[in-house]
Engineer: 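My questions will all concern the structure given below.
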Amino acid sequence: MLKNDLIVRTIKGETVERPPVWVMRQAGRILPEYLEIRRSLSGFKELVTTPELAAEVTVQPVDILGVDAAIIFSDILVIPEAMGLPYEMVEGRGPFFPETVKSSSDVEKLSIAEGKELTYVYDAIRHTRNTLDGRVPVIGFAGAPFTILCYMIEGKGSKTFNNARRWLHAEPELSHKLLDKITESTINYLKAQASAGVSLYQVFDSWAGVLSEALYREFCIPYLERIAEAMGELPGIVFAKGAHFAMRDLLSTSYRAVGLDWTMEPQQYRESFPDKVLQGNFDPCTLYASEEVVVERTKEMLSKFGSSNHIVNLGHGVYPDTDWRKVKLFIDTVKAHNY
Ligand code: CP3
């Protein structure tokens, strides 16, 4: 039994007393308690693959910030690794793949993850649930197939992901084959997370914004929809950063909730899709403003979303040098709001 099931009731479209709030990248980056554990380890991957520690940092923002949900501490890049492309996390630089996908034989060689390769994630979910003892629900997650394809082809972060985009144009059939394998792996992975006890899940399409409407319709929407359908009753959130051109398509998928980044205005979507749950969309940079401004802008955001069907979040992950007390102020302001 969950003591706080606000986010679950909200995503199912039930009437709630106030909007639930959680923060993308809440588990990690900003909390001194996280940084301390992180410093004591050899690296990021040790934290991700040690279930007791992953669970500990997953619960920290619930204890310290008072969020209404815990998101399991992991990374979207565990899927390429489970399919045969290991990643490294380079200190201060970000992800790096020693091997990337370059040819049709590389696509052939990739396996479809069955889910069991990532037992450490499910163990972390179970540990987290034991520690939380029903205080708040646990959110599972995965990268969207296109965003995972970006890393598999590019091998590291990029502003434009032009090698990945080149593939969509130069190798459309092979791109579909790769997306298909990633999608099947992701479904197996999310289903195993569901069995371990997550109450909802989010799919991160972080690089959606480098595409166009036509490419998004061809290479993203069908795979995202396949995931939502495969997950059945488990409610999902899809967040496609920068994808203004795809919002109406995303709102027409089977996801119960759609995330908005901070450049998107909720009102226009609220009017055309009154029953969809919208998530977002506080600009994470507003957290560098004064306390008064943080409170004022939070209230402004709440009023723009209206008085139902809203999961409060930032418009993208919290930046590492943000003062965690400002994040707490943002959360407390939401929690003081009554519909
Ligand atoms: O709090 C949470 O949201 C849960 C944990 C989580 C992490 N990564 C931990 C992490 C989640 C949900 C992710 C998702 C993720 N990973 C995304 C999608 C979200 C987004 O930001 O768009 C992406 C694109 C990645 C890939 C990735 N992982 C990058 C580009 C980087 C390096 C830059 C960065 O964000 O710091 C990572 C590393 C990473 N993943 C860190 C954390 C806490 C920082 C590593 C550290 O502690 O040194």
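Quick caveat, the model's predicted, so the values are computed rather than measured. Counting from 1, the numbers follow the sequence of the chain as shown. Remember, it's 1-based here, ligands and their atoms both numbered in the order they're listed.
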Engineer: Would a line drawn from the ring center of F239 to the ring center of Y255 be shorter than 6.0 Å?
Structural biologist: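 Ring-ring flag for F239/Y255: false, centres at least 6.0 Å apart.
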Engineer: So Y87 and F97, would you call those rings parallel, tilted or perpendicular, with 30° and 60° as cut-offs?
Structural biologist: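 Rings of Y87 and F97: tilted, 30 to 60°.
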Engineer: Do you see a donor-acceptor pair shorter than 3.5 Å between the side chains of E218 and H176?
Structural biologist: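 Yes, side-chain donor-acceptor contact under 3.5 Å.
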Engineer: Any side-chain heavy atom of Y189 sitting closer than 4.5 Å to one from F141?
Structural biologist: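 A side-chain contact is absent here, since even the closest heavy-atom pair is not under 4.5 Å.
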Engineer: Show the protein residues that qualify under the rule heavy atom under 4.0 Å from an atom of ligand 1, listing them in chain and number order.
Structural biologist: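 Heavy-atom contacts below 4.0 Å: R25, Q26, A27, R29, Y34, R38, F44, I71, I72, F73, S74, D75, I76, M89, G94, P95, F141, Y151, F204, S206, H316.
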Engineer: So with a 6.0 Å cut-off around CZ of R248, is the heavy-atom count from everything else above 12?
Structural biologist: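 Buried by this count: over 12 neighbours within 6.0 Å.
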Engineer: With the threshold set at 4.0 Å, does a side-chain nitrogen-carboxylate oxygen contact exist between K45 and E81?
Structural biologist: yes
